Amino acid sequence: MEYSNKYLHIGEEIDPDDYVICKYKISTDLGMDKAAAAIAAEQSTGTWTGISTLNEKIFELYSGRVTAIEGDIATIAYPKEDFSLDIGGIPQVLSVISGNLFGLDALKGVRLEDVTFPKSMLNDFLGPRFGSEGLREVLKRPAKPLVGTIVKPKIGLSPKETANYIYEAGMGGLTNGKDDETLSNQKFCPMEDRVVAVAEAIDRVKEETGHIMIHAINVSTDGHKIVEVAEKVQELGASEIMVDVITCGFAAVQALREDPSIKLPIHVHRTMHGAITKNKDLGVSMNVFAKLVRMCGGDALHIGTFGVGKMTGSATEDFANQRACIGDDVPYKTMLPVCSGGMHPGLVEKLVEIAGTNIQIQAGGGVAGHPGGVRKGAMALVQAVDAAYEKIPAETYRKTHTELDEALTKWGSA
């Protein structure tokens, strides 16, 4: 293969407003300079051999530039002119920054660890409509972590049973509920019936207690249908919508955010992300996906449990995901980080100690699996959050809170 040294611009200063800047972790038997040049070539103006149609003007204007190599990390900057946001959008962006490079035979492994976009590109996206503060305003919960559940089992409950679950969760004090990622419009739980039943359950909770709760209906579907489906569930009384962003695509989130008819918060699930993010030597980091979700308009995003839940992920990785949600380096509202996956009341104290309070803590089995049922499971989770927020050890708080005590007895603590 011919990888021209002309792609190498080590130490050269570039204007961040003119380039999309990517960091790649590379594993290769080639020298790092050749490997990085191979990526820059493949993703911009080059191919496996020299070509007569690549002239100096094209090369200078549109070629990727390897600006730094530090250990196994290469920084490659792509001119913003390489990108087409009006038609190509996020799909085309991903084709450039994370496209064919993964198939290059000369690379044993390559992982896109980070990306930074120029202001001119960021300004083409709206970012979250509600974001962290907007969701807190809706729920009248300005400071404490939001506390939610996922209806369990994932599939199988009828609309009436789903609504009863949400009613019990709301009566137990939870602020958020959501469909699981595999629930859509199956015959045992038709979407329209589920939306109406859940909305009525949430209304009952408010009428009986004054407590405010929202529930995210999974509208994940084919690209050409997603706005129509979201409009329908909104019309039927949904209080939030959910999108499986990896399976539907980032453009699905963007379509919902930019359509003026959709007024609901967008809860973004990351199902299937592990196929792309889990291998530390191959794929794309969740940090990159978090940045894209915020650009496209997600209001809340699953980011991991900082190493205390059932899903793979370390505190270091999830801090990067959290920064992508709440950092002030982009012109958007902050996006609420959601911690979900194997959560239960015994893990809350450790999670809040690590991640802070600007999060949404969500438990499915950790609510439904409580010995006293869903309502007491919800109460136990709320109690764990209250204790962590007030900096009271859970072992102390359990002495005066039966539901938390029962949960800790069953599941233990982190």
Side-chain angles (χ1 to χ4, degrees), residues 1-12 14 16 19-51 54 59 62-80 82-83 88 90-117 121 245-246 249-250 270 272-293 295 304 312-314 316-321 323-324:
M1 295 185 179
E2 296 184 14
Y3 300 131
S4 172
N5 286 336
K6 291 174 68 176
Y7 289 95
L8 298 177
H9 296 260
I10 305 298
E12 178 181 302
I14 60 171
Y19 292 86
V20 173
I21 303 171
C22 298
K23 292 186 180 296
Y24 299 96
K25 179 183 178 184
I26 301 172
S27 175
T28 180
D29 288 332
L30 295 175
M32 276 292 291
D33 56 347
K34 290 185 177 180
I39 294 173
E42 179 65 33
Q43 298 309 124
S44 61
T45 58
T47 185
W48 63 274
T49 186
I51 53 176
L54 177 57
F59 190 94
Y62 308 119
S63 289
R65 296 169 178 249
V66 181
T67 61
I69 296 176
E70 300 173 286
D72 60 357
I73 302 293
T75 301
I76 302 178
Y78 302 101
K80 65 181 180 182
D82 289 3
F83 300 89
I90 293 296
Q92 191 268 341
V93 169
L94 286 170
S95 292
V96 176
I97 68 175
S98 59
N100 279 346
L101 63 102
F102 299 111
L104 290 174
D105 189 53
L107 305 181
K108 289 182 176 180
V110 58
R111 189 171 194 252
L112 175 58
E113 295 285 358
D114 200 2
V115 61
T116 304
F117 294 98
M121 289 180 67
V245 66
I246 304 298
F250 295 89
R270 61 178 187 165
M272 207 183 83
H273 82 95
I276 308 170
T277 67
K278 187 173 182 179
N279 188 330
K280 299 301 179 288
D281 296 315
L282 180 69
V284 180
S285 75
M286 184 61 208
N287 167 51
V288 172
F289 289 157
K291 288 185 175 185
L292 292 174
V293 170
M295 285 170 62
T312 299
S314 68
T316 299
E317 293 171 307
D318 293 345
F319 273 128
N321 302 338
R323 284 195 299 273

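These numbers were taken from a predicted model, which means no experiment stands behind them.
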For Phe83 and Ile97, what are the C-alpha separation, side-chain angles and deciding distance, and is it a side-chain contact (heavy atoms from CB on, under 4.5 Å)?
-> CA-CA 10 Å; Phe83 300 89; Ile97 68 175; 4.2 Å; yes

Could you walk me through whether Tyr7 and Phe59 pass the ring pair (Phe, Tyr, Trp, His ring centres under 6.0 Å) check?
-> CA-CA 9 Å; Tyr7 289 95; Phe59 190 94; 4.8 Å; yes

From CA spacing to verdict: side-chain contact (heavy atoms from CB on, under 4.5 Å), His9, Ile14 | CA-CA 10 Å; His9 296 260; Ile14 60 171; over 6 Å; no

I would like to know whether Arg111 and Asn279 meet side-chain contact (heavy atoms from CB on, under 4.5 Å); could you show each step before the answer?
-> CA-CA 9 Å; Arg111 189 171 194 252; Asn279 188 330; over 6 Å; no

side-chain contact (heavy atoms from CB on, under 4.5 Å) assessment of Glu317 paired with Met286 | CA-CA 8 Å; Glu317 293 171 307; Met286 184 61 208; over 6 Å; no

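Of all heavy-atom pairs between Ser63 and Thr45, the closest is OG-OG1, 2.7 Å. Pairing each heavy atom of Glu42 with each of Leu101, the nearest pair is CG-N, 4.3 Å. Across Leu30 and Ala106, no two heavy atoms sit closer than the pair CD1-CB, 3.5 Å. The shortest non-hydrogen separation linking Ala77 to Tyr19 is CB-CD2, 3.7 Å. The two residues Arg270 and Ile246 make their nearest non-hydrogen contact at O-CG1, 4.0 Å. Taking all atoms of both residues into account, the shortest heavy-atom contact from Thr277 to Ser285 is CG2-C, 4.0 Å.
Looking only at atom types and distance, the side chain of Asp33 has no donor-acceptor partner in the side chain of Asn5 under 3.5 Å away. In the model, Thr75 has no side-chain atom that pairs as donor or acceptor with a side-chain atom of Thr67 under 3.5 Å. Using a 3.5 Å distance cut-off with no hydrogens or angles, the side chains of Thr28 and Lys108 do not pair a donor with an acceptor.
Note that CZ of Arg65 is 12.0 Å distant from CD1 of Ile10, once rounded to the nearest 0.5 Å. To the nearest 0.5 Å, atom OG1 of residue Thr47 and atom CG of residue Leu54 are 10.5 Å apart. Rounded to the nearest 0.5 angstrom, Asp29 CG and Lys34 NZ are separated by 12.0 Å.
With sequence neighbours left out, Asp281 forms a side-chain hydrogen bond (donor to acceptor under 3.5 Å, both in side chains) with Lys25.
Put simply, the residue from Asp82, Ile39, Ile76 that forms a side-chain contact (heavy atoms from CB on, under 4.5 Å) with Ser44 is Asp82.
Within the 4.5 Å cutoff, no side-chain heavy atoms of Lys23 are placed close to those of Thr116. Leu292 has its side chain within reach of Phe117: a pair of non-hydrogen atoms, C-beta onward, lies under 4.5 Å apart. Counting heavy atoms from C-beta outward, His273 and Val284 have side chains that stay 4.5 Å or more apart.
When atom types are taken as modelled, the side chain of Gln43 and the backbone of Ser98 share no donor-acceptor pair closer than 3.5 angstrom. Without hydrogens or angle criteria, Asn321 side chain to Asn287 main chain gives a donor-acceptor distance under 3.5 Å.
Using the six-membered ring where Trp is involved, Phe250 and Phe289 have ring planes that are tilted, between 30° and 60° apart.
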